[in-house]
Amino acid sequence: MRIKQILAQGRGGEEYAVSGWVRSVRAGKGVAFIVLNDGSCLGGIQIVVDSLLPSFPQIVRLGTGSSLAVAGTLVESPATGQRFELAAASVTIYQDAALDYPLQKKRHSFEYLRTIAHLRPRTNTFGALFRVRSFLAQAIHQFFAERDFLCVHTPIITANDCEGAGELFRVTTLDLAAPPRIKGEVDFSADFFSRSTGLTVSGQLEGELFALAFSDIYTFGPTFRAENSNTSRHAAEFWMIEPEMAFADLAADAALAEEFFRYLCRRVLDECGEDMEFFNSHMDTGLIQRIRKVADSTFQVMEYGEAIVQLRRAKVPFVYPVAWGVDLQTEHERYLTEQVADGPLFVINYPREIKAFYMRGNDDGRTVAAMDLLVPKVGEIIGGSQREERSDLLRQRMAEMGISEEGLWWYLDSRRWGSCPHAGFGLGFERLIMYLTGMENIRDVIPFPRTPRHAEF
RNA sequence: UCCCCAUUAGCUCAGUCGGUAGAGCAGGUGACUGUUAAUCACCUUGUCCGUGGUUCGAGUCCGCGAAGGGGAGCCA
């Protein structure tokens, strides 16, 4: 039985068997205490071993990290600290962890733990983190399932860099030492796919195609960017959630984003209580209060033009100057959501020059139907738009931005027969986790982070 | 990619004015105890990131390099 279940619903006097890894051994002459953890919850179960047990001499020498199976009787604990403990009748040692086990019974730095990413899931912080991550992944699928959204697996290998969203990782089977060439250029027609391919930077374009068949869809999958970004917020491989709705405009898009974000805040507070308390006390003491506030609030909406007015009126000095037409920096976003709105804020209708080609042109001719959801402490967390469904305007915009129609003929086809208004947004899964746990480095919210120069494990 | 900070024991760090390195934890031994990252006593552990230089002498000062962290840009 899992330790979480026993601690929650175990009954005193009954027999239970658990398996897990040793967190701590405290040995005395007549009795030894083992804290055993199996990953099912933050805390472990206290195992009490009497010195009369034949394996007692081995047990008191067990190192942190050893793997055990224990069978015994659940009894009410006479000491404070835990309600129940397991009085061991038998202890089976799978493997005693030697003293060179890198995790000690003390606090380690995140930097150090990254160098032992294969072992860090056995720590309190990463145990809590990956339980929350798993819960959120399932909650996301649930949210969309409850609303009849189709889950679509868009391709990971792609031939198009859809929005120029970043450098593509190349996928090839060509001999790198001596690739076939034509006129000096690498001849990708000889490659596996008979063309140049890479790893996807977004599933959105394919998602749109499915929205135009199933009405409401979402993707939730890995995404890759070969940018040389060395920051706490960027990874070369990350997971992204991208819903897309047919017959929806920007307002409907923002409404979905709000419902979605508040749903996840609520669920994680309601159902990851123990782990969230841990983050609240160890990472960020304002965490639960902040998330609760978001879960209960109605998000405000502000036009980009109004945002610029507000920023220019601000008494705070900004590093980056503000004028109509510039993209908002993190400092601007935080000012708007923290000082002006004091809560989550949608900024909508951005200048077309700073946004992607597929965003729908507004009637004013200079803005597009884009929206960013800004939240306190972070800034932008969701970005979305209504898509340009009018074929002529879309092609015109692509021409202006120098995007070739050739590789996107299938995307343009979606605007030829039965095109309709549609909208969607993207949410970086790791950034969501960072927001909800207070963890400050993206490398610490993904099991085995891939960043420039790092693909270990 | 740019700017800044740091790299010393297994881990977290201190190291004064340039004079051959120290603490806590971990580990070992023992004691003690229904313990709670147990406690107490004693003990072990070093390519001071690498490299070149200045100097009688470099963990300490200077150059180069490497890897790390933070911030920025780009973004999710």
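Each chain gets a letter, A, B and so on, in the order the sequences are listed, and its residues count up from 1. The structure displayed is predicted, hence computed values, not measured ones. Below, each value reflects all heavy atoms present in this structure, side chains not excepted, and no hydrogens, waters or symmetry copies.
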Rounded to whole Å, how long is the line connecting atom NZ of A:Lys105 with atom P of B:C25? 13 Å
Candidates B:G34, B:C75, B:U35 - which lies nearest the side chain of A:Gln82: B:U35
Is a donor from one side chain sitting under 3.5 angstrom from an acceptor on the other, for A:Ser24 and A:Arg26? yes
Please report the distance, rounded to the nearest Å, between OH in A:Tyr112 and P in B:C13. 13 Å
In whole angstroms, the gap separating P of B:C11 from CZ of A:Arg114 amounts to 16 Å
When the P atoms of B:G19 and B:G52 are compared, how many Å lie between them, rounded to an integer? 23 Å
Atom pairs and distances, side-chain donor-acceptor, residues 123-134 of chain A, under 3.5 Å, sequence neighbours left out:
unit_1: A:Thr123; atom_1: OG1; unit_2: A:Arg120; atom_2: O; d: 2.7
unit_1: A:Thr123; atom_1: OG1; unit_2: A:Phe126; atom_2: N; d: 3.3
unit_1: A:Asn124; atom_1: OD1; unit_2: A:Arg23; atom_2: NH1; d: 2.7
unit_1: A:Arg131; atom_1: NE; unit_2: A:Asp275; atom_2: OD2; d: 3.0
unit_1: A:Arg131; atom_1: NH1; unit_2: A:Gly39; atom_2: O; d: 2.8
unit_1: A:Arg131; atom_1: NH2; unit_2: A:Asp275; atom_2: OD1; d: 3.1
unit_1: A:Arg133; atom_1: NH1; unit_2: A:Glu430; atom_2: OE2; d: 3.0
unit_1: A:Arg133; atom_1: NH1; unit_2: A:Val445; atom_2: O; d: 2.8
unit_1: A:Arg133; atom_1: NH2; unit_2: A:Glu430; atom_2: OE2; d: 2.9

Between A:Ser24 and A:Arg443, which is nearer to the 5' end of RNA chain B once each is assigned its nearest nucleotide? A:Ser24
Atom CG of A:Leu62 and atom P of B:G27: how far apart are they, to the nearest Å? 13 Å
Side-chain contact check for A:Thr231: nearest option of B:G73, B:U29, B:G69 is B:G73
Could you tell me whether the side chains of A:Asp372 and A:Tyr350 share a donor-acceptor contact shorter than 3.5 Å? yes
From B:A72, B:G34, B:U36, nucleotide with atom closest to A:Ala79 side chain: B:U36
What's the gap between B:G50 and B:A58 when it is taken at their P atoms, as a whole Å value? 14 Å
For the P atoms, the ones on B:G18 and on B:U60, what distance do you get once it is rounded to whole angstrom? 11 Å
What is the distance from CD1 of A:Ile34 to P of B:A38, rounded to the nearest Å? 12 Å
When we call it a touch if two heavy atoms are under 4.0 Å apart, what does A:Ser232 touch: a base, just sugar-phosphate, or nothing? sugar-phosphate
Got a sec, which residues hit salt bridge (Lys or Arg N to Asp or Glu O under 4.0 Å) with A:Glu303, two or more places apart in sequence or on another chain? none
Please determine if A:Asp342 and A:Lys293 form a salt bridge, counting it only when a charged side-chain N lies under 4.0 Å from a carboxylate O. yes
Any A:Arg26 side-chain nitrogen or oxygen under 4.0 Å from OP1 or OP2 of B:A38: yes
Take atom C1' in B:A41 and the same atom in B:U8, then report the distance between them in whole Å. 28 Å
Base, sugar-phosphate, or nothing for A:Thr223, non-hydrogen atoms under 4.0 angstrom? nothing
Give a yes/no answer on whether the side chain of A:Arg453 brings an N or O atom under 4.0 Å of OP1 or OP2 in B:A66. no
Rounding to a whole Å, what distance do you find between A:Phe110:CZ and B:G70:P? 11 Å
Just to be sure I understand the rule, does A:Ala235 reach a base, reach only the sugar-phosphate, or reach nothing, if contact means heavy atoms closer than 4.0 Å? base
Could you give the CZ-to-C1' distance, from A:Arg233 to B:G70, as a whole number of Å? 11 Å
Side-chain contact check for A:Gln104: nearest option of B:G70, B:C25, B:C75 is B:C25
Stems where RNA chain B pairs, listed by first number, each of three or more Watson-Crick or G-U pairs under 3.5 Å: B:1-5 with B:68-72, B:10-13 with B:22-25, B:27-31 with B:39-43, B:49-53 with B:61-65
Can you say whether a donor on the side chain of A:Gln329 sits under 3.5 Å from an acceptor on the base of B:G73, or the other way round? no
Without hydrogens or angle criteria, can the side chains of A:Tyr358 and A:Gln204 be said to hold a donor-acceptor pair below 3.5 Å? yes
Within this structure, what is the CD1-to-C1' distance between A:Ile381 and B:C75, rounded to whole angstrom? 13 Å
Could you work out the separation of B:C25 and B:U39 based on their P atoms and round it to a whole Å? 8 Å
Between A:Tyr218 and A:Glu244, do the side chains contain an N or O donor and an N or O acceptor separated by less than 3.5 Å? no
Candidates B:G34, B:C75, B:G10 - which lies nearest the side chain of A:Thr330: B:C75
When the C1' atoms of B:C62 and B:U55 are considered, how many whole Å apart are they? 12 Å
From C-beta outward on A:Arg61, which listed nucleotide comes closest to its side chain: B:U29, B:G34, B:C74? B:U29
Consider the side chain of A:Asn230, meaning its heavy atoms from C-beta on, and name the nucleotide among B:U1, B:C11, B:C74 that approaches it most closely. B:U1
Let me have the donor-acceptor pairs involving side chains of residues 87-96 of chain A, under 3.5 Å, with sequence neighbours excluded, atom names and distances please.
unit_1: A:Asp96; atom_1: OD1; unit_2: A:Gly63; atom_2: N; d: 3.2
unit_1: A:Asp96; atom_1: OD1; unit_2: A:Ser66; atom_2: OG; d: 3.0

Sequence neighbours excluded - side chain to side chain donor-acceptor pair (under 3.5 Å) pairs with any residue from residues 53-65 of chain A: none
Is there a side-chain polar atom (N or O) of A:Ser109 under 4.0 Å from OP1 or OP2 of B:U12? yes
Please tabulate, for the side chains in residues 2-9 of chain A, all donor-acceptor contacts under 3.5 angstrom to protein atoms that are two or more places apart in sequence or on a different chain.
unit_1: A:Arg2; atom_1: NE; unit_2: A:Asp38; atom_2: OD2; d: 3.2
unit_1: A:Arg2; atom_1: NH2; unit_2: A:Asp38; atom_2: O; d: 3.1

Taking only the P atom of each, what is the distance from B:G71 to B:U35 in whole angstrom? 44 Å
A:Phe33 vs A:Asn441, nearer the 5' end of RNA chain B by closest nucleotide: A:Phe33
Provide the distance between the two C1' atoms, one in B:A21 and one in B:G30, to the nearest whole Å. 29 Å
Side chain of A:His108 - closest among B:C11, B:U35, B:A72: B:C11
